[in-house]
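Some notes on the structure that comes next.
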Amino acid sequence: MIIATLVLISGVLLPTAPGLEPDMQLVLSIFVFTIVLWIAKPVPFTVSSILAMGLLFALGTTDSFDQAVSGFASELVFFLFLLILLGNTISKTGLDERAARRMLSTQSTPFQSIRSLSTNLFALSFFMPSAVARAVTFIPLVHRISDVYDLGRKSNFEKSSFFILGHVNPIASMALMTGGGMAIITSEIIRSSVRPITWVEWAIYMIPPVMLLYAFSAFSAARLYPVNNSKTISDSKATSDLSQSVTDNENESQPWTKDEQIVAWVMGGTVLAWVVGSFIGIPAIIPAIFAVVILSLPRIQVITAEDVQSMSWGILFVIGAMFSILEVMETTGTLDFIVQSATDLIPFGMMTLWQSVAVLFAIAIVMRSLFSTASAAITVVLPIVIEFGSVLGINQFYLSLSILTIIGSTTFLPFNTTSVLLSFDRGPLSIRDVFIFGCVTMIYAFVVVPLAWLFYWPFIDSVL
């Protein structure tokens, strides 16, 4: 709080720095002030975001409070809100637990269970956008599987499984435009700053690279701590409700509930509407609106008032506030000043294309390591990097997808990603484990991104 306050006071009281207009200095001070609050979190995200927008108006950088909160007019804020509600219905109705039980049979081995865990997490990401929700679903299941196999709490099986739940699981969310906060924010920024993109286009561009990155990372998680591939559930003397669930699942003795059927049909129809809408021009938010309305109807009520009240509103306020700040930074010319200052400081003119891209990736990684969520990091970093791409003549669309992939694959500390924090808190991983495997996934991203940039994405461009 002291650091943030000093930054703000300095921007307000000190003489205007060379090259800056008064409004630019004020916006920059508000921007840095807000970033410090978001990183340190002395107050909730919601409070710091409201304070930031209030300062935009109070210090005269906008003519009205309406302009100061203009970021909330973005489709992204409402779209993300709808997807969070839809994603929560999967766990609320028990569909996630049903999917989790599918990963086992009485003849499963620990290695097969890890492979099944990674496969099911990837498949579930197409219908359950939140990586955190998927992690919460599978964490107790991993503990129970470990008990069934008589492996113990700090076994290699648990370490490999928690790498997949924490580090690898969020990677799957980048495959679809509606796969989570990271992808939704990136797609909206691409749409507003680069070019239009549909749900199907995103899937075509991103699914193969994400699948490759996911496969590399999951394979490494399974091999870093080798697990037994001979012992089966039926060999174990342990018994539990999970063992009975596996047997029941194989006997198909558990009928679907009414709510499970409704959510499955609605989510399936929503995905189908997104696919069809990509060809006939239906905005992606429209099917999501209808899906939420249907699940809220009186005779259905899968989504209730309590579900809305219990949502985590912090990230929505972060996105709205950041878009408000960025819009003011753009109208005052502050973004152009930042880019110009950086290009004067860093000799981009003497660099090759790939050297310039590597520097931008490095900037993104450093910024990403400061944030507690990848979504917040992308909201701040991506518009600035896109501006650099415009000045340096770099393909902004490829650059945007690459930044998403790099940020989504980089976790050095547990607090950098919520799913990693959960796996660190409830599993056997150490900070050293988190850092090492975060470096592994980042290195894989640096392998996959050039392959996609040089070969796959140009091929898709030539076909489309």
Side-chain angles (χ1 to χ4, degrees), residues 83-84 86-105 108-142 145 160-184 199-200 202-222 242 245-246 249-250 252 254 256 260-261 263-275 288 291 405 408-409 419 422-423 441 444 448:
L83 287 183
I84 291 173
L86 289 175
N88 289 344
T89 63
I90 302 291
S91 55
K92 182 178 180 179
T93 57
L95 280 174
D96 52 358
E97 185 72 17
R98 182 179 292 275
R101 289 196 300 267
R102 293 282 179 181
M103 64 181 282
L104 289 175
S105 73
S108 293
T109 66
F111 181 79
Q112 289 173 342
S113 295
I114 289 176
R115 184 174 60 188
S116 182
L117 172 66
S118 59
T119 302
N120 279 273
L121 281 172
F122 189 86
L124 194 58
S125 70
F126 282 63
F127 302 95
M128 192 175 183
S130 171
V132 177
R134 297 194 298 270
V136 169
T137 298
F138 280 88
I139 283 174
L141 189 67
V142 167
I145 293 172
S160 297
S161 297
F162 276 93
F163 277 141
I164 292 174
L165 289 170
H167 289 77
V168 183
N169 172 31
I171 294 174
S173 295
M174 298 185 289
L176 296 180
M177 191 173 75
T178 51
M182 293 186 297
I184 298 167
W199 191 89
V200 169
W202 181 282
I204 293 172
Y205 277 99
M206 287 300 289
I207 287 179
V210 168
M211 286 183 66
L212 184 61
L213 177 58
Y214 188 93
F216 282 161
S217 302
F219 180 81
S220 295
L242 179 63
S245 294
V246 172
N249 190 62
E250 289 185 340
E252 298 182 355
Q254 297 180 351
W256 285 52
E260 286 178 325
Q261 294 180 41
V263 171
W265 278 106
V266 170
M267 292 298 291
T270 303
V271 173
L272 179 62
W274 282 330
V275 174
T405 306
S409 306
S419 60
L422 283 171
S423 65
T441 55
Y444 284 144
V448 170

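Nearest heavy-atom pair, A172 versus Y214, reported as atom, atom and distance to 0.1 Å: CB-CE1, 3.8 Å. Between S419 and G166 the shortest heavy-atom distance is OG-O, 2.9 Å. The two atoms that bring S118 and A218 nearest to each other are CB-CB, 4.0 Å, heavy atoms only. Between S409 and M174 the shortest heavy-atom distance is OG-CE, 4.1 Å. Closest heavy-atom contact between Q261 and W256: NE2-O, 3.3 Å.
Taking the side chain to side chain contact (heavy atoms under 4.5 Å, CB included) definition, one finds that Y444 meets it with L213, F216, S217, S220, V440, sequence neighbours left out. Not counting sequence neighbours, the partners of S173 by the side chain to side chain donor-acceptor pair (under 3.5 Å) test are R134. Under the rule for a side chain to side chain contact (heavy atoms under 4.5 Å, CB included), the partners of A288 that lie at least two apart in sequence or sit in another chain are F79, L82, L86, W274. Listed by chain and number, the residues in a side chain to side chain donor-acceptor pair (under 3.5 Å) with T178 are W199 (sequence neighbours excluded). Looking at residues two or more places apart in sequence or on another chain, you find no side chain to side chain donor-acceptor pair (under 3.5 Å) involving T270. Contacts of I204 classified as side chain to side chain contact (heavy atoms under 4.5 Å, CB included), with partners at least two apart in sequence or in another chain: V200, Y456, I460.
Put simply, the residue from N120, L121, T119 that forms a side-chain contact (heavy atoms from CB on, under 4.5 Å) with L117 is L121.
The closest side-chain heavy-atom distance from N169 to I164 is not below 4.5 Å. A 4.5 Å side-chain heavy-atom check between F163 and T441 finds every atom pair outside the cut-off.
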Discussion item. The test is side-chain contact (heavy atoms from CB on, under 4.5 Å); show your working for I207 and L176 and say whether it passes.
Written reply: CA-CA 7 Å; I207 287 179; L176 296 180; 4.0 Å; yes
